[in-house]
2 protein chains.
Amino acid sequence: MQISTNPDGRPIQTTGPVLVIGSGLLGGSAALALKAAGIEVFLQDISPVSLALARDLGAGQEYTSSSPQPSLVVVAVPPDVTASCVVDALVTHPDAVVTDVASVKSIILKEVEATGVDASRYVPSHPMAGRERSGVAGADRDLFVGRPWAVIHHPTCSPQARVVVRNLAVDLGSTVLEMSAQEHDRGVAIVSHVPQLISSLLASRLREATEDELSLVGQGLRDTTRIAASDPRLWTSIVSGNCGPVVDVLRQYQRELDDLVRGLESGAADGFGAPGSVAAINTAISQGNEGVSRIPGKHGGVQRRWAIVEVLIPDKPGELGRLFTELGAAGINIEDLTMDHSAHQRVGLAQIFVNPAVAKEAEKELEMRGWRIVNQ
Amino acid sequence: MQISTNPDGRPIQTTGPVLVIGSGLLGGSAALALKAAGIEVFLQDISPVSLALARDLGAGQEYTSSSPQPSLVVVAVPPDVTASCVVDALVTHPDAVVTDVASVKSIILKEVEATGVDASRYVPSHPMAGRERSGVAGADRDLFVGRPWAVIHHPTCSPQARVVVRNLAVDLGSTVLEMSAQEHDRGVAIVSHVPQLISSLLASRLREATEDELSLVGQGLRDTTRIAASDPRLWTSIVSGNCGPVVDVLRQYQRELDDLVRGLESGAADGFGAPGSVAAINTAISQGNEGVSRIPGKHGGVQRRWAIVEVLIPDKPGELGRLFTELGAAGINIEDLTMDHSAHQRVGLAQIFVNPAVAKEAEKELEMRGWRIVNQ
């Protein structure tokens with residue numbers, strides 16, 4: 001067997017054979033990553049075409065009656081069929097640890113437990129690694145690198161089984177987060193499902209806009225509606241399995257929206273500075289400040305603020321290359337970046353996020369090389 | 001007088017002297033740009049400190065009783081004091097064209113007209129060039145480059161005055177959009193004010209999240225809440241001057257949100273696939289798809305889709321430089337890009353937006369040079 005390390009350089013802990021059931025985006029990506037680590041991978045899929053495609057992409061071989069019993073089964077099928085597939089796997093493979101990767105957890109765990117199956121070998125999990133493209137054609141062995149991977153504990157789960165699934169997540173480059181199914185579902189409602197729905201409802205307003213109104217669009221609207229382009233079928237399946245927690249968050253949202261609208265209605269009659277409107281708007285924006293400040297920074301846990309260096313980029317090949325080469329030559333690490341383009345524009349504005357300690361130096365180095373720094 | 005061209009290479013049309021009233025972000029930036037184009041600029045501000053700072057930053061000289069009469073006055077004060085300032089300027093400078101740059105237009109135009117002043121020399125306008133930082137310290141002569149600039153027509157406005165303000169916008173690098181005050185206010189309600197409020201209310205939910213829940217945060221939430229960090233004082237002033245159009249859009253939003261919550265409530269009782277919940281979620285996401293598809297592409301007007309090439313970037317200096325240099329050497333133009341980082345992550349995922357016709361070539365070129373392309 002090939003000796004290999006995970007993306008962080010740690011030795012691979014997972015031992016095969018691994019059976020991946022469902023060769024879509026998540027299953028396919030996991031299979032590709034495990035294969036690349038030298039682990040024996042088998043595939044199963046109700047669609048013979050999907051299975052053949054995954055096999056031809058190098059994700060593993062078809063699981064047949066003569067294949068060996070797996071030590072780990074990864075169930076990567078749509079949320080609404082996950083529970084029955086997990087139960088089948090527990091029964092069919094009596095020595096295997098079974099995990100699933102569905103985006104909702106409580107409802108599936110409840111369905112599995114309701115069958116009376118011994119769930120001690122079942123470890124529900126959820127890698128936070130969705131993307132806009134779906135299916136095995138979008139699969140990628142690096143899909144999980146650097147992503148949080150929730151590993152769910154439940155009363156009858158064996159500690160040994162949990163270790164196997166933790167190892168799987170680490171081997172694929174993820175960061176393990178242990179939590180209960182309820183904590184998970186409330187968490188994804190807040191950080192994923194509600195933002196998706198809110199962004200969709202916001203984008204829905206653009207259906208009513210005129211062309212002239214749309215030409216006023218700037219970066220703020222682009223950012224807030226980017227995920228509104230997501231797949232309706234996939235999201236309908238996800239959210240319909242987490243209605244309770246999503247509704248809890250949306251009800252709170254509704255209350256604050258209603259307060260705001262009431263305040264604005266008083267302002268609409270009175271013009272600038274109507275007391276009701278000013279207080280309502282100020283409350284909404286201030287509470288938003290408070291919430292957004294709680295989003296963890298790139299290096300996790302503690303919020304960390306980067307300094308922003310803004311540079312004008314002519315819209316022609318090689319300019320970004322020159323910019324970043326010159327930053328690299330100056331030893332300046334780029335923590336993050338965004339490009340800001342408006343309609344009709346011939347130059348772009350790059351916002352480069354750097355350690356605040358080197359921001360001034362970065363600006364000086366770039367100006368020396370003829371770059372136009374914005375907003376010093 | 002210095003002969004100069006605007007950022008698009010067109011000759012500067014504006015003739016001085018220009019008086020800029022209010023030396024904050026927009027006024028300061030306009031003054032810096034006009035000065036750079038060789039135009040005589042004078043400044044006026046109720047705060048002597050702000051005025052001195054703007055002067056010292058090279059934005060122009062203080063306007064005094066011995067200064068020449070301006071041919072153009074740019075009023076760049078907060079929305080709630082704009083109307084009285086415009087009226088004063090029309091009276092004090094009887095030969096000048098007067099414009100303002102406030103983010104709301106109808107309420108100000110109404111206030112100006114209500115005074116009975118001759119408004120034929122008044123051309124309301126609005127450059128769509130806000131940013132998170134405010135004040136003259138954030139000013140930048142390139143602030144308006146590539147941005148839409150709304151120039152407002154009203155019944156008594158003289159065509160000659162309109163040309164002067166159009167020229168100002170073009171000289172500063174903006175794209176002129178002509179519209180009525182009502183069209184403008186409805187437009188900014190949809191593309192700017194409502195997205196700000198919606199994003200703030202969404203971010204507000206994070207006030208209630210636990211640390212564990214917050215560690216699940218991904219790029220979707222970061223994008224949708226980025227503008228929730230905006231300044232409450234500024235936004236309270238803006239939105240309170242546009243309550244009517246904002247309420248109109250929010251009421252429609254409220255109706256769709258209420259429909260969605262009702263659907264989800266039926267699903268919360270019945271589990272996966274409850275008919276009410278599935279239809280409600282699917283409608284919300286699909287209508288979001290429809291709306292977001294109407295956002296104009298970077299090169300304006302017609303929606304244009306870029307192909308996305310995704311590349312893993314090790315988190316160390318110079319890697320992005322190498323990437324973009326190599327793309328530049330291959331003649332591949334980068335239309336836009338984003339960096340996707342999660343907590344704890346040691347590599348980044350760069351999404352490079354390119355012309356679909358060259359996407360395959362870009363991937364091939366990068367792979368030849370040892371880059372890890374994701375999701376081919």
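These numbers come from a predicted model, not from an experiment. Below, chains carry the letters A, B, ... as their sequence lines are ordered, and counting in each starts from 1.
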Chemist: Do B/Thr224 and A/Thr225 have side chains that approach each other closer than 4.5 Å (heavy atoms only, starting at C-beta)?
Modeler: no
Chemist: Closest heavy-atom contact between A/Thr236 and B/Ile281?
Modeler: CA-CG2, 3.7 Å
Chemist: Among A/Ser192, A/Pro195, A/Ala189, which residue has the highest count of heavy-atom pairs closer than 4.5 Å to chain B?
Modeler: A/Pro195
Chemist: Please examine the side chains of A/Val261 and B/Gln254, heavy atoms only from C-beta on, and report whether any two atoms are closer than 4.5 Å.
Modeler: yes
Chemist: State, to 0.1 Å, how close B/Leu264 and A/Cys243 come at their nearest heavy-atom pair, and which atoms those are.
Modeler: O-CB, 3.4 Å
Chemist: Could you pull out all residues at least two apart from A/Ala330 that satisfy side-chain contact (heavy atoms from CB on, under 4.5 Å)?
Modeler: A/Ile332, A/Glu365
Chemist: Considering all heavy atoms of both residues, which atom of A/Ser200 and which atom of B/Ala284 are nearest to each other, and what is their separation?
Modeler: CB-O, 3.4 Å
Chemist: Carefully, step by step, assess A/Asp142 and B/Arg372 under the rule side chain to side chain contact (heavy atoms under 4.5 Å, CB included).
Modeler: CA-CA 9 Å; A/Asp142 295 309; B/Arg372 182 79 72 82; 2.2 Å; yes
Chemist: Test of understanding: with salt bridge (charged side-chain N to carboxylate O under 4.0 Å, His left out), list the residues that count as partners of B/Asp223, not counting sequence neighbours.
Modeler: A/Arg226, B/Arg226
Chemist: With only heavy atoms counted, which part of A/Val188 is less than 4.5 Å from chain B, the side chain, the backbone, both or neither?
Modeler: both
Chemist: Check B/Pro148 against A/Leu216 and note the closest heavy-atom contact, atom names and distance.
Modeler: CG-CA, 4.5 Å
Chemist: For the candidates A/Ser286, A/Pro232, A/Gly187, which exhibits the highest count of non-hydrogen atom pairs separated by less than 4.5 Å from chain B?
Modeler: A/Pro232
Chemist: Heavy-atom distance under 4.5 Å to chain B: side chain of A/Ile238, backbone, both or neither?
Modeler: neither
Chemist: Is the shortest side-chain heavy-atom distance between A/Glu256 and B/Arg205 below 4.5 Å?
Modeler: yes
Chemist: What option among B/Leu323, B/Val249, B/Leu206 has the most heavy-atom pairs under 4.5 Å with chain A?
Modeler: B/Leu206
Chemist: Is it the side chain or the backbone of A/Asn242 that comes within 4.5 Å of chain B heavy atoms, both, or neither?
Modeler: neither
Chemist: I'd like to know if B/Glu208 pairs up with A/Arg186 as an ion pair, taking the criterion as any Lys NZ or Arg NE/NH1/NH2 lying under 4.0 Å from an Asp or Glu carboxylate oxygen.
Modeler: no
Chemist: Does A/Ser204 offer a backbone N or O that forms a donor-acceptor pair with the side chain of B/Tyr253 under 3.5 Å?
Modeler: no
Chemist: Looking at B/Val246, B/Leu197, B/Leu202, B/Thr210, which makes the most heavy-atom pairs under 4.5 Å with chain A?
Modeler: B/Leu202
Chemist: Between CG of A/Leu257 and CD1 of B/Ile198, what distance do you get to the nearest 0.5 Å?
Modeler: 5.5 Å
Chemist: Considering all heavy atoms of both residues, which atom of B/Ser230 and which atom of A/Asn289 are nearest to each other, and what is their separation?
Modeler: O-ND2, 3.0 Å
Chemist: Counting distance only, does the side-chain N/O of A/Arg294 pair as donor-acceptor with the main-chain N or O of B/Leu214 below 3.5 Å?
Modeler: no
Chemist: So which heavy atom on B/Ile285 is nearest to which on A/Gln196, and how close?
Modeler: CD1-CG, 3.8 Å
Chemist: Report which part of A/Ser29 has an atom under 4.5 Å of a heavy atom belonging to chain B: side chain, backbone, both, or neither.
Modeler: neither
Chemist: In terms of heavy-atom proximity below 4.5 Å to chain B, should A/Pro79 be classed as side chain, backbone, both, or neither?
Modeler: both
Chemist: Only pairs of heavy atoms separated by less than 4.5 Å count here; which of A/Thr283, A/Val194, A/Leu260 has the most with chain B?
Modeler: A/Leu260
Chemist: Can you tell me which of A/Ile190, A/Asn282, A/Leu201 forms the most heavy-atom pairs within a distance under 4.5 Å of chain B?
Modeler: A/Leu201
